[in-house]
Amino acid sequence: MVKIKPAFGIYVHWPFCARKCPYCDFNSHVQDTINHDQWLKAYLSELRYYANNMPDRVVTSVFFGGGTPSLMKPQVIGEILTEIDRLWNCSEDLEITAEANPSSSETPLFQDFRQAGINRLSVGVQSFNDQALHFLGRLHNAADARQAIETAAKFFDRLSFDLIYALPDQTPANWRSELSEALKLAVDHVSLYQLTIEPGTAFHKDRIAAANEDIGGALFEITQELLDQAGMPAYEISNHARKSQECRHNLVYWRGQDYLGIGPGAHGRLTRDDNTDMIQNVREPGKWLELARSKGLGQQKRTPLTSEERRNEIILMSLRLSEGLSSEHYRRLTNSDLALSLDQSRLQALENEGFITFQDNILKAAPAGRQRLNAVISHLLS
Ligand code: SF4
(Lines give C-alpha, C1' and ligand atoms only; values in the text may rest on other atoms or scores of the structure.)
Protein backbone atom coordinates (compact mmCIF):
# COMPACT_ATOMS: atom_id res chain seq x y z
CA MET A 1 0.00 0.00 0.00
CA VAL A 2 1.24 3.53 -0.81
CA LYS A 3 2.27 5.40 2.33
CA ILE A 4 0.66 8.83 2.01
CA LYS A 5 2.69 11.63 3.58
CA PRO A 6 1.10 14.82 4.94
CA ALA A 7 1.01 17.47 2.20
CA PHE A 8 -0.14 21.06 1.76
CA GLY A 9 -0.18 22.76 -1.64
CA ILE A 10 -0.49 26.38 -2.76
CA TYR A 11 -2.06 27.08 -6.16
CA VAL A 12 -1.54 30.50 -7.80
CA HIS A 13 -3.87 31.35 -10.68
CA TRP A 14 -2.70 33.66 -13.49
CA PRO A 15 -5.83 34.32 -15.58
CA PHE A 16 -4.38 35.73 -18.82
CA CYS A 17 -3.57 34.16 -22.18
CA ALA A 18 -2.30 35.53 -25.47
CA ARG A 19 -5.39 34.11 -27.21
CA LYS A 20 -8.49 32.17 -26.10
CA CYS A 21 -8.42 28.61 -27.44
CA PRO A 22 -11.75 27.47 -28.90
CA TYR A 23 -12.06 24.41 -26.61
CA CYS A 24 -11.06 26.15 -23.37
CA ASP A 25 -13.49 26.70 -20.50
CA PHE A 26 -10.83 27.67 -17.95
CA ASN A 27 -10.85 31.03 -16.22
CA SER A 28 -8.59 32.57 -18.87
CA HIS A 29 -8.87 35.95 -20.56
CA VAL A 30 -7.12 38.06 -23.15
CA GLN A 31 -6.18 41.55 -21.95
CA ASP A 32 -3.97 44.09 -23.72
CA THR A 33 -2.22 45.64 -20.77
CA ILE A 34 -1.51 44.04 -17.43
CA ASN A 35 0.01 45.87 -14.49
CA HIS A 36 2.29 43.14 -13.12
CA ASP A 37 3.16 45.18 -10.00
CA GLN A 38 -0.50 45.43 -9.03
CA TRP A 39 -0.99 41.72 -9.55
CA LEU A 40 2.07 40.92 -7.49
CA LYS A 41 0.83 43.06 -4.59
CA ALA A 42 -2.59 41.39 -4.75
CA TYR A 43 -1.09 37.86 -4.68
CA LEU A 44 1.14 38.82 -1.75
CA SER A 45 -1.87 40.22 0.15
CA GLU A 46 -3.80 36.96 -0.15
CA LEU A 47 -0.77 34.91 0.86
CA ARG A 48 -0.27 37.07 3.97
CA TYR A 49 -3.92 36.78 4.95
CA TYR A 50 -3.79 32.96 4.86
CA ALA A 51 -0.41 32.82 6.59
CA ASN A 52 -1.97 34.75 9.51
CA ASN A 53 -4.92 32.40 9.39
CA MET A 54 -2.87 29.19 9.37
CA PRO A 55 0.82 29.78 9.99
CA ASP A 56 1.56 26.23 11.14
CA ARG A 57 1.42 24.43 7.78
CA VAL A 58 4.41 22.98 5.98
CA VAL A 59 4.15 23.78 2.26
CA THR A 60 5.03 20.77 0.10
CA SER A 61 4.11 22.13 -3.36
CA VAL A 62 3.40 25.35 -5.22
CA PHE A 63 1.69 25.35 -8.61
CA PHE A 64 1.41 28.33 -10.98
CA GLY A 65 -1.55 27.55 -13.26
CA GLY A 66 -3.82 29.46 -15.57
CA GLY A 67 -4.36 30.90 -18.01
CA THR A 68 -0.75 31.04 -19.14
CA PRO A 69 1.57 31.64 -16.18
CA SER A 70 4.58 31.67 -18.49
CA LEU A 71 3.30 35.16 -19.41
CA MET A 72 4.03 36.29 -15.84
CA LYS A 73 7.23 38.22 -15.36
CA PRO A 74 9.82 35.83 -13.86
CA GLN A 75 10.56 38.35 -11.11
CA VAL A 76 6.87 38.29 -10.07
CA ILE A 77 7.12 34.51 -9.72
CA GLY A 78 10.37 34.90 -7.79
CA GLU A 79 8.84 37.40 -5.36
CA ILE A 80 5.80 35.20 -4.74
CA LEU A 81 8.10 32.26 -3.95
CA THR A 82 10.26 34.37 -1.65
CA GLU A 83 7.15 35.44 0.25
CA ILE A 84 5.84 31.88 0.57
CA ASP A 85 9.21 30.87 1.98
CA ARG A 86 9.12 33.79 4.44
CA LEU A 87 5.54 33.11 5.57
CA TRP A 88 5.60 29.33 6.00
CA ASN A 89 7.96 26.45 6.56
CA CYS A 90 8.53 24.69 3.25
CA SER A 91 9.51 21.05 2.83
CA GLU A 92 13.07 20.41 1.72
CA ASP A 93 11.86 18.80 -1.48
CA LEU A 94 9.35 21.57 -2.26
CA GLU A 95 7.91 20.98 -5.74
CA ILE A 96 7.33 24.23 -7.68
CA THR A 97 5.54 23.76 -10.98
CA ALA A 98 4.59 26.31 -13.63
CA GLU A 99 2.46 25.73 -16.69
CA ALA A 100 4.02 27.16 -19.85
CA ASN A 101 3.06 27.48 -23.49
CA PRO A 102 5.54 26.60 -26.22
CA SER A 103 5.29 29.87 -28.13
CA SER A 104 8.45 31.41 -29.50
CA SER A 105 8.12 34.34 -27.08
CA GLU A 106 7.85 32.16 -23.97
CA THR A 107 10.48 29.48 -24.62
CA PRO A 108 13.44 31.92 -24.28
CA LEU A 109 12.20 32.72 -20.75
CA PHE A 110 12.42 29.12 -19.46
CA GLN A 111 15.89 29.70 -18.03
CA ASP A 112 14.62 32.77 -16.15
CA PHE A 113 11.75 30.73 -14.70
CA ARG A 114 14.24 28.16 -13.45
CA GLN A 115 16.30 30.91 -11.87
CA ALA A 116 13.16 32.37 -10.26
CA GLY A 117 12.71 29.06 -8.41
CA ILE A 118 10.47 26.93 -10.64
CA ASN A 119 11.76 23.34 -10.53
CA ARG A 120 9.13 21.54 -12.62
CA LEU A 121 7.64 22.71 -15.93
CA SER A 122 4.40 21.55 -17.53
CA VAL A 123 4.25 22.56 -21.19
CA GLY A 124 0.90 22.90 -22.98
CA VAL A 125 2.00 21.24 -26.22
CA GLN A 126 -1.45 19.72 -27.05
CA SER A 127 -0.17 18.20 -30.31
CA PHE A 128 2.98 17.74 -32.38
CA ASN A 129 0.86 17.90 -35.54
CA ASP A 130 0.46 21.25 -37.34
CA GLN A 131 -3.02 20.49 -38.63
CA ALA A 132 -4.27 19.52 -35.17
CA LEU A 133 -2.65 22.63 -33.63
CA HIS A 134 -4.39 24.82 -36.20
CA PHE A 135 -7.74 23.14 -35.44
CA LEU A 136 -7.14 23.67 -31.69
CA GLY A 137 -6.50 27.37 -32.32
CA ARG A 138 -3.04 27.27 -30.81
CA LEU A 139 -0.48 30.01 -31.43
CA HIS A 140 2.45 27.59 -31.76
CA ASN A 141 3.30 25.05 -34.43
CA ALA A 142 4.83 21.57 -34.12
CA ALA A 143 8.39 22.88 -34.55
CA ASP A 144 7.83 25.40 -31.71
CA ALA A 145 6.52 22.55 -29.54
CA ARG A 146 9.61 20.40 -30.15
CA GLN A 147 11.90 23.37 -29.57
CA ALA A 148 10.11 24.19 -26.31
CA ILE A 149 10.49 20.64 -24.96
CA GLU A 150 14.16 20.48 -25.95
CA THR A 151 14.88 23.87 -24.36
CA ALA A 152 12.90 23.04 -21.21
CA ALA A 153 14.80 19.76 -20.82
CA LYS A 154 18.05 21.74 -20.52
CA PHE A 155 16.80 23.59 -17.45
CA PHE A 156 14.28 21.29 -15.77
CA ASP A 157 14.93 17.76 -14.51
CA ARG A 158 11.21 17.36 -13.99
CA LEU A 159 9.26 18.10 -17.14
CA SER A 160 5.77 17.28 -18.36
CA PHE A 161 3.77 18.07 -21.46
CA ASP A 162 0.06 17.86 -22.26
CA LEU A 163 -1.52 16.39 -25.37
CA ILE A 164 -5.16 16.44 -26.45
CA TYR A 165 -6.54 13.47 -28.33
CA ALA A 166 -9.87 12.19 -29.66
CA LEU A 167 -10.08 15.09 -32.09
CA PRO A 168 -12.81 14.81 -34.76
CA ASP A 169 -11.72 12.30 -37.43
CA GLN A 170 -8.72 11.10 -35.41
CA THR A 171 -8.35 7.37 -36.02
CA PRO A 172 -6.73 4.81 -33.69
CA ALA A 173 -3.88 4.43 -36.21
CA ASN A 174 -3.25 8.23 -36.32
CA TRP A 175 -3.22 8.47 -32.55
CA ARG A 176 -0.91 5.46 -32.14
CA SER A 177 1.58 7.00 -34.52
CA GLU A 178 1.34 10.55 -33.10
CA LEU A 179 1.65 9.35 -29.50
CA SER A 180 4.60 7.04 -30.30
CA GLU A 181 6.45 9.99 -31.85
CA ALA A 182 5.57 12.29 -28.95
CA LEU A 183 6.83 9.81 -26.37
CA LYS A 184 10.33 10.06 -27.83
CA LEU A 185 10.40 13.57 -26.32
CA ALA A 186 8.86 12.64 -22.96
CA VAL A 187 11.04 13.06 -19.88
CA ASP A 188 9.22 11.87 -16.77
CA HIS A 189 5.55 12.86 -17.02
CA VAL A 190 2.80 13.37 -19.60
CA SER A 191 -0.85 14.43 -19.31
CA LEU A 192 -3.18 13.10 -22.00
CA TYR A 193 -6.70 14.50 -22.23
CA GLN A 194 -9.55 13.57 -24.53
CA LEU A 195 -11.12 16.58 -26.23
CA THR A 196 -14.42 17.41 -24.58
CA ILE A 197 -16.80 20.06 -25.87
CA GLU A 198 -17.71 22.30 -22.95
CA PRO A 199 -20.66 24.73 -22.89
CA GLY A 200 -19.65 28.35 -23.44
CA THR A 201 -16.65 27.50 -25.66
CA ALA A 202 -16.28 28.41 -29.34
CA PHE A 203 -16.30 24.69 -30.22
CA HIS A 204 -19.63 24.31 -28.45
CA LYS A 205 -21.08 27.28 -30.39
CA ASP A 206 -19.76 25.80 -33.64
CA ARG A 207 -21.30 22.43 -32.72
CA ILE A 208 -18.01 20.55 -33.04
CA ALA A 209 -18.73 16.94 -32.12
CA ALA A 210 -16.63 15.07 -29.56
CA ALA A 211 -15.41 11.58 -30.47
CA ASN A 212 -18.03 8.92 -29.92
CA GLU A 213 -17.70 6.55 -26.96
CA ASP A 214 -16.35 3.63 -29.01
CA ILE A 215 -13.58 5.63 -30.66
CA GLY A 216 -12.82 7.38 -27.36
CA GLY A 217 -12.55 3.97 -25.67
CA ALA A 218 -10.24 2.60 -28.37
CA LEU A 219 -7.96 5.66 -28.16
CA PHE A 220 -7.89 5.42 -24.36
CA GLU A 221 -6.79 1.76 -24.63
CA ILE A 222 -3.97 2.68 -27.04
CA THR A 223 -2.89 5.43 -24.65
CA GLN A 224 -2.63 3.01 -21.72
CA GLU A 225 -0.77 0.43 -23.80
CA LEU A 226 1.86 2.84 -25.17
CA LEU A 227 2.42 4.59 -21.87
CA ASP A 228 2.82 1.29 -20.01
CA GLN A 229 5.41 0.27 -22.61
CA ALA A 230 7.18 3.62 -22.16
CA GLY A 231 7.49 3.05 -18.40
CA MET A 232 5.01 5.79 -17.54
CA PRO A 233 1.83 4.03 -16.45
CA ALA A 234 -1.26 6.02 -15.51
CA TYR A 235 -1.27 7.13 -11.89
CA GLU A 236 -4.41 9.17 -12.53
CA ILE A 237 -7.02 8.87 -15.24
CA SER A 238 -5.22 11.35 -17.58
CA ASN A 239 -1.76 11.53 -16.02
CA HIS A 240 1.22 9.26 -16.53
CA ALA A 241 4.62 9.32 -14.88
CA ARG A 242 7.77 7.41 -14.23
CA LYS A 243 8.01 6.04 -10.70
CA SER A 244 8.13 8.85 -8.09
CA GLN A 245 7.71 11.55 -10.76
CA GLU A 246 3.98 12.06 -10.25
CA CYS A 247 2.90 15.70 -9.90
CA ARG A 248 2.90 15.95 -6.12
CA HIS A 249 0.74 19.08 -6.20
CA ASN A 250 -2.07 17.44 -8.13
CA LEU A 251 -1.86 14.40 -5.85
CA VAL A 252 -2.83 16.75 -3.00
CA TYR A 253 -6.22 17.35 -4.69
CA TRP A 254 -6.83 13.73 -5.60
CA ARG A 255 -5.85 12.48 -2.15
CA GLY A 256 -8.24 14.88 -0.40
CA GLN A 257 -5.47 16.83 1.33
CA ASP A 258 -5.49 20.55 2.07
CA TYR A 259 -4.54 23.29 -0.36
CA LEU A 260 -4.75 27.01 -0.71
CA GLY A 261 -5.92 28.78 -3.89
CA ILE A 262 -4.60 32.28 -4.63
CA GLY A 263 -5.84 34.46 -7.48
CA PRO A 264 -9.11 34.84 -9.43
CA GLY A 265 -11.42 31.82 -9.43
CA ALA A 266 -8.96 29.76 -7.37
CA HIS A 267 -10.42 27.48 -4.74
CA GLY A 268 -9.09 25.79 -1.64
CA ARG A 269 -9.77 23.20 1.03
CA LEU A 270 -8.63 24.02 4.53
CA THR A 271 -9.17 21.73 7.50
CA ARG A 272 -9.09 22.71 11.14
CA ASP A 273 -10.35 20.65 14.09
CA ASP A 274 -11.65 17.94 11.74
CA ASN A 275 -13.79 20.43 9.78
CA THR A 276 -12.96 21.25 6.17
CA ASP A 277 -13.87 24.58 4.58
CA MET A 278 -14.43 25.00 0.87
CA ILE A 279 -13.03 28.35 -0.29
CA GLN A 280 -13.92 29.95 -3.61
CA ASN A 281 -12.36 33.15 -4.92
CA VAL A 282 -14.11 35.73 -7.08
CA ARG A 283 -13.72 34.55 -10.67
CA GLU A 284 -13.59 37.79 -12.66
CA PRO A 285 -9.93 38.99 -12.75
CA GLY A 286 -10.66 42.74 -12.39
CA LYS A 287 -13.00 42.20 -9.45
CA TRP A 288 -10.58 39.82 -7.72
CA LEU A 289 -7.71 42.29 -8.19
CA GLU A 290 -9.77 45.14 -6.74
CA LEU A 291 -10.86 43.09 -3.72
CA ALA A 292 -7.41 41.68 -3.03
CA ARG A 293 -5.89 45.16 -3.23
CA SER A 294 -8.53 46.90 -1.11
CA LYS A 295 -9.35 44.14 1.40
CA GLY A 296 -6.34 41.87 1.17
CA LEU A 297 -8.49 38.96 0.03
CA GLY A 298 -10.48 38.16 -3.13
CA GLN A 299 -12.61 35.50 -1.53
CA GLN A 300 -16.18 35.00 -2.72
CA LYS A 301 -17.21 32.44 -0.11
CA ARG A 302 -15.84 30.18 2.58
CA THR A 303 -18.26 27.40 3.50
CA PRO A 304 -17.83 24.41 5.80
CA LEU A 305 -18.36 21.12 3.95
CA THR A 306 -20.88 18.80 5.56
CA SER A 307 -19.39 15.45 6.54
CA GLU A 308 -21.29 13.80 3.69
CA GLU A 309 -19.96 16.33 1.15
CA ARG A 310 -16.44 15.80 2.46
CA ARG A 311 -16.70 11.99 2.32
CA ASN A 312 -18.17 12.00 -1.19
CA GLU A 313 -15.53 14.41 -2.46
CA ILE A 314 -12.72 12.21 -1.14
CA ILE A 315 -14.20 9.09 -2.77
CA LEU A 316 -14.82 10.92 -6.05
CA MET A 317 -11.30 12.35 -6.27
CA SER A 318 -9.46 9.22 -5.07
CA LEU A 319 -11.13 6.94 -7.59
CA ARG A 320 -9.30 8.88 -10.29
CA LEU A 321 -6.04 7.50 -8.91
CA SER A 322 -4.60 4.12 -9.81
CA GLU A 323 -3.67 3.66 -6.15
CA GLY A 324 -7.36 4.07 -5.25
CA LEU A 325 -8.48 4.90 -1.71
CA SER A 326 -7.39 2.95 1.35
CA SER A 327 -9.66 2.60 4.36
CA GLU A 328 -6.77 3.85 6.49
CA HIS A 329 -6.31 7.11 4.53
CA TYR A 330 -10.08 7.64 4.44
CA ARG A 331 -10.33 7.19 8.21
CA ARG A 332 -7.47 9.63 8.77
CA LEU A 333 -9.26 12.28 6.67
CA THR A 334 -12.84 11.71 7.80
CA ASN A 335 -12.81 9.74 11.06
CA SER A 336 -15.19 7.30 9.45
CA ASP A 337 -15.21 3.80 8.06
CA LEU A 338 -14.98 3.55 4.26
CA ALA A 339 -17.03 0.33 4.01
CA LEU A 340 -19.82 1.86 6.11
CA SER A 341 -19.81 5.03 3.98
CA LEU A 342 -20.64 3.10 0.80
CA ASP A 343 -24.04 1.87 -0.31
CA GLN A 344 -23.42 -1.88 -0.27
CA SER A 345 -25.90 -2.80 -2.99
CA ARG A 346 -24.50 -0.20 -5.41
CA LEU A 347 -20.94 -1.23 -4.60
CA GLN A 348 -21.81 -4.87 -5.15
CA ALA A 349 -23.46 -4.11 -8.50
CA LEU A 350 -20.39 -2.18 -9.68
CA GLU A 351 -18.07 -4.97 -8.48
CA ASN A 352 -20.20 -7.55 -10.32
CA GLU A 353 -19.95 -5.48 -13.52
CA GLY A 354 -16.15 -5.40 -13.14
CA PHE A 355 -16.03 -1.58 -12.75
CA ILE A 356 -14.82 -1.36 -9.14
CA THR A 357 -12.80 -3.47 -6.71
CA PHE A 358 -12.75 -3.24 -2.93
CA GLN A 359 -10.07 -5.66 -1.78
CA ASP A 360 -7.58 -5.54 1.09
CA ASN A 361 -9.30 -2.36 2.33
CA ILE A 362 -8.58 -0.47 -0.89
CA LEU A 363 -11.34 0.87 -3.12
CA LYS A 364 -10.26 1.18 -6.75
CA ALA A 365 -11.71 1.69 -10.21
CA ALA A 366 -10.97 -1.43 -12.31
CA PRO A 367 -9.68 -0.89 -15.89
CA ALA A 368 -13.21 -1.17 -17.33
CA GLY A 369 -14.45 1.34 -14.75
CA ARG A 370 -11.68 3.83 -15.54
CA GLN A 371 -13.01 4.21 -19.08
CA ARG A 372 -16.41 5.36 -17.79
CA LEU A 373 -15.34 6.79 -14.48
CA ASN A 374 -17.87 9.63 -14.27
CA ALA A 375 -20.78 7.23 -14.71
CA VAL A 376 -19.31 4.76 -12.20
CA ILE A 377 -18.76 7.45 -9.56
CA SER A 378 -22.17 8.98 -10.01
CA HIS A 379 -23.77 5.54 -9.62
CA LEU A 380 -21.70 4.76 -6.53
CA LEU A 381 -22.45 8.08 -4.83
CA SER A 382 -26.05 8.69 -5.94
S1 SF4 B 1 -3.65 28.62 -23.48
FE2 SF4 B 1 -4.61 27.15 -22.05
S3 SF4 B 1 -5.72 28.39 -20.55
FE4 SF4 B 1 -5.19 29.73 -22.30
S5 SF4 B 1 -7.02 29.71 -23.58
FE6 SF4 B 1 -5.65 28.11 -24.36
S7 SF4 B 1 -6.24 26.23 -23.27
FE8 SF4 B 1 -7.16 27.98 -22.17
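In each ligand, atom 1 is the first atom listed, and ligand 1 is the first ligand listed. FYI, the numbering just counts along the sequence from 1.
For residues 285-298, the side-chain hydrogen bond (donor to acceptor under 3.5 Å, both in side chains) pairs, not counting sequence neighbours, are Glu46-Trp288. The ring-ring contact (aromatic ring centres under 6.0 Å, His included) pairs that include a residue from residues 68-120 number zero, where partners must be two or more places apart or lie in different chains. Under the side-chain hydrogen bond (donor to acceptor under 3.5 Å, both in side chains) criterion, the residue pairs touching residues 139-150 are Gln147-Thr151, with sequence neighbours excluded.
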*Which is it for Phe161 and Phe128 under the ring pair (Phe, Tyr, Trp, His ring centres under 6.0 Å) test, yes or no, and what are the steps along the way?*
CA-CA 11 Å; Phe161 59 78; Phe128 288 103; 5.5 Å; yes

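Among all protein heavy atoms, the one lying closest to atom 1 (S) of ligand 1 is Asn101 ND2, 3.4 Å.
Ligand 1 is approached by Arg19 to a heavy-atom distance shorter than 4.0 Å. Heavy atoms of Arg138 approach ligand 1 to within less than 4.0 angstrom.
No donor-acceptor pair under 3.5 Å is formed between the side chain of Glu246 and the backbone N or O of Arg248.
Checked options Trp254, Tyr253, Tyr50; the residue passing with Tyr259 is Tyr253 (criterion: ring pair (Phe, Tyr, Trp, His ring centres under 6.0 Å)).
If you count the protein N, O or S atoms nearer to atom 8 (Fe) of ligand 1 than 2.8 Å, you get 1.
The local environment of NZ in Lys20 is crowded, with over 12 non-hydrogen atoms from other residues, nucleotides or ligands closer than 6.0 Å.
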